[in-house]
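Just so it is clear, the values below take in all heavy atoms, side chains as well, and ignore hydrogens, waters and symmetry mates. Residue numbers count from 1 along this sequence.
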Amino acid sequence: MTTPSFTVPELEAQEAELELTRFTYEDAWQLGSLLRELALTRHAPVTIDIHRGPQQLFRCALPGSTPDNDAWVDRKRRVTERYAAASYLVGARFRAKNTTFEASSRLNPDTYAAHGGSFPLRVTGAGVIGTVTVSGLPQVEDHALVVEALRVFKGRVG
């Protein structure tokens, strides 16, 4: 897999493109299972998490993942929840201002991480209702895996 690179406008376009018409408990299972299958075919040592609001609807750790991945999932998810934007996009916006999230956000880096891998679940008419997060690969690859899965998922559910 070639490591992609994304600009702030490209990341913002991904969020607009991947707005969903719905997101149910069954959808969480389908999206989580799709992510798991994609990761397994690539032997990706990731942890996958899906939240709807404060409720965790899906969590899966694949071979090679570690407890550190659980901590990274939680830190990235908190950024997406707080900013209503992909964790990679939040970090990219800080970098575009010639600073870093850690230096300028005034948030505890033990609690928040603006690294790629967490993406908002945005539903038409409702806004951001949850998050889908992956940890275990380099941050841009975590982000790209989530985007790929959301594209496939959106194609299935409309």
Side-chain angles (χ1 to χ4, degrees), residues 1-39 41-42 44 46-60 72-102 104-107 111-158:
M1 177 179 189
T2 304
T3 302
S5 176
F6 302 107
T7 65
V8 168
E10 289 170 332
L11 293 164
E12 291 171 343
Q14 288 173 350
E15 289 197 12
E17 168 198 353
L18 295 170
E19 181 171 285
L20 303 170
T21 57
R22 67 164 207 242
F23 197 76
T24 65
Y25 288 85
E26 179 62 25
D27 292 332
W29 178 259
Q30 295 301 322
L31 177 58
S33 298
L34 172 61
L35 268 165
R36 180 182 177 277
E37 289 305 314
L38 288 171
T41 62
R42 296 168 190 176
V46 298
T47 296
I48 302 161
D49 176 89
I50 299 176
H51 268 70
R52 183 175 173 148
Q55 186 178 23
Q56 185 178 69
L57 302 183
F58 186 95
R59 185 83 161 214
C60 175
W72 276 99
V73 161
D74 294 340
R75 292 169 57 218
K76 292 190 274 188
R77 186 190 77 248
R78 287 185 197 107
V79 166
T80 298
E81 290 170 344
R82 185 175 186 109
Y83 288 86
S87 54
Y88 194 68
L89 173 57
V90 172
R93 286 177 173 157
F94 278 92
R95 290 187 295 277
K97 296 176 185 175
N98 294 314
T99 187
T100 64
F101 177 82
E102 294 78 12
S104 298
S105 71
R106 302 179 78 182
L107 295 171
T111 306
Y112 295 90
H115 292 259
S118 187
F119 203 92
L121 294 169
R122 185 173 279 110
V123 174
T124 305
V128 175
I129 56 92
T131 58
V132 54
T133 309
V134 168
S135 176
L137 302 170
Q139 67 169 326
V140 69
E141 292 178 32
D142 280 345
H143 175 83
L145 181 60
V146 171
V147 168
E148 178 184 354
L150 280 169
R151 283 184 174 136
V152 171
F153 175 77
K154 185 175 179 181
R156 292 179 181 171
V157 300

Participant: Can you give me the closest heavy-atom contact between Trp72 and Ala113, atom names plus distance?
Facilitator: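 For Trp72 versus Ala113, the nearest heavy atoms are CZ3-CB, 3.7 Å.
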Participant: Does the pair Tyr25 and Gln55 meet the rule for a side chain to side chain contact (heavy atoms under 4.5 Å, CB included), with working shown?
Facilitator: CA-CA 10 Å; Tyr25 288 85; Gln55 186 178 23; 2.9 Å; yes
Participant: What I want to find out is whether Lys154 reaches Glu17 closely enough, with some N-O distance under 4.0 Å, to be called a salt bridge.
Facilitator: no
Participant: Any ion pair linking Glu148 and Arg42 (charged N to carboxylate O, less than 4.0 Å)?
Facilitator: yes
Participant: For Leu34 versus Ala149, what's the shortest heavy-atom pair and its separation?
Facilitator: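 Scanning both residues completely, I find the closest heavy atoms to be CD2-O, 3.3 Å.
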Participant: Decide yes or no for Tyr112 and Glu102: does some side-chain heavy atom of the first lie under 4.5 Å from some side-chain heavy atom of the second?
Facilitator: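 Not touching, per the 4.5 Å side-chain cut-off.
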Participant: Below 30° counts as parallel, above 60° as perpendicular, anything between as tilted: where do the rings of Phe153 and Phe23 land?
Facilitator: perpendicular
Participant: Can you find a pair of side-chain heavy atoms, one from Leu107 and one from Arg78, that are under 4.5 Å apart?
Facilitator: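 Side chain of Leu107 against side chain of Arg78, heavy atoms only: no contact under 4.5 Å found.
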Participant: So Asp27 and Val157, side chain to side chain contact (heavy atoms under 4.5 Å, CB included) or not? Walk me through it.
Facilitator: CA-CA 8 Å; Asp27 292 332; Val157 300; 4.0 Å; yes
Participant: Looking at Thr80 and Ser87, would you say the former's side chain and the latter's main chain have a donor-acceptor pair under 3.5 Å?
Facilitator: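 Indeed, once roles are kept as given, a pair shorter than 3.5 Å links the two residues.
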Participant: If we ignore hydrogens and angles and just use 3.5 Å, is the side chain of Thr124 paired with the main-chain N or O of Leu20 as donor and acceptor?
Facilitator: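 Yes, Thr124 side chain to Leu20 backbone: donor-acceptor pair under 3.5 Å.
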Participant: Give the minimum heavy-atom separation between Val46 and Ala39, together with the two atoms involved.
Facilitator: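 Smallest interatomic distance, heavy atoms only, reads CG2-CB, 3.7 Å.
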Participant: How about Glu10 and Gln14: does a side-chain donor come under 3.5 Å of a side-chain acceptor?
Facilitator: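 No, because no side-chain N or O of Glu10 sits under 3.5 Å from a partner of the opposite role on Gln14.
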Participant: Are any non-hydrogen side-chain atoms of Thr100 and Phe94 less than 4.5 angstrom apart?
Facilitator: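 The answer is no; the side chains never approach within 4.5 Å.
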Participant: Does anything in residues 80-99 pair up under salt bridge (charged side-chain N to carboxylate O under 4.0 Å, His left out), and if so which pairs, sequence neighbours excluded?
Facilitator: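 Output for this query lists Glu12-Arg93, Arg77-Glu81.
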Participant: Nearest 0.5 Å, please: how far is CD1 in Ile48 from CG in Leu145?
Facilitator: 7.0 Å
Participant: Just verifying a value: how many Å separate Thr131 OG1 and Ile50 CD1, rounded to the nearest 0.5 Å?
Facilitator: 8.5 Å
Participant: Can you name the closest pair of heavy atoms from Val73 and Ser135 and give their distance?
Facilitator: CG2-CB, 3.7 Å
Participant: Can you list every pair that meets salt bridge (charged side-chain N to carboxylate O under 4.0 Å, His left out) and has a residue in residues 111-120, with sequence neighbours left out?
Facilitator: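 Passing the test, one end in residues 111-120: no pairs.
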Participant: Could you tell me which non-hydrogen atom of Arg52 sits nearest to which non-hydrogen atom of Thr24, and how far apart they are?
Facilitator: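 Heavy atoms only, the tightest pair is NH1-CA, 3.8 Å.
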Participant: Nearest 0.5 Å, please: how far is CZ in Arg122 from CD in Glu19?
Facilitator: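 Atom-to-atom, Glu19:CD and Arg122:CZ are 7.0 Å apart.
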Participant: So Leu89 and Val8, side chain to side chain contact (heavy atoms under 4.5 Å, CB included) or not? Walk me through it.
Facilitator: CA-CA 6 Å; Leu89 173 57; Val8 168; 4.0 Å; yes
Participant: Between CZ of Arg22 and CD1 of Ile129, what distance do you get to the nearest 0.5 Å?
Facilitator: 11.5 Å
Participant: Taking Leu137's backbone N and O only, do any of them form a donor-acceptor pair with Asp142's side chain (distance below 3.5 Å, no angle check)?
Facilitator: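 At least one qualifying donor-acceptor pair exists.
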Participant: Phe58 and Ser33: side chain to side chain contact (heavy atoms under 4.5 Å, CB included), yes or no, with the steps?
Facilitator: CA-CA 9 Å; Phe58 186 95; Ser33 298; 4.2 Å; yes
Participant: Are any of the side-chain heavy atoms of Leu38 and Val152 separated by less than 4.5 Å?
Facilitator: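 They are not in contact (no side-chain heavy atoms under 4.5 Å apart), so the answer is no.
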Participant: Can you list everything that forms a ring-ring contact (aromatic ring centres under 6.0 Å, His included) with Tyr83? Sequence neighbours excluded, please.
Facilitator: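 Result, ring-ring contact (aromatic ring centres under 6.0 Å, His included) vs Tyr83: none returned.
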Participant: Kindly give the heavy-atom pair with the smallest separation between Thr133 and Ser118, and that separation in Å.
Facilitator: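 For Thr133 and Ser118, the tightest heavy-atom pair comes out as OG1-OG, 2.8 Å.
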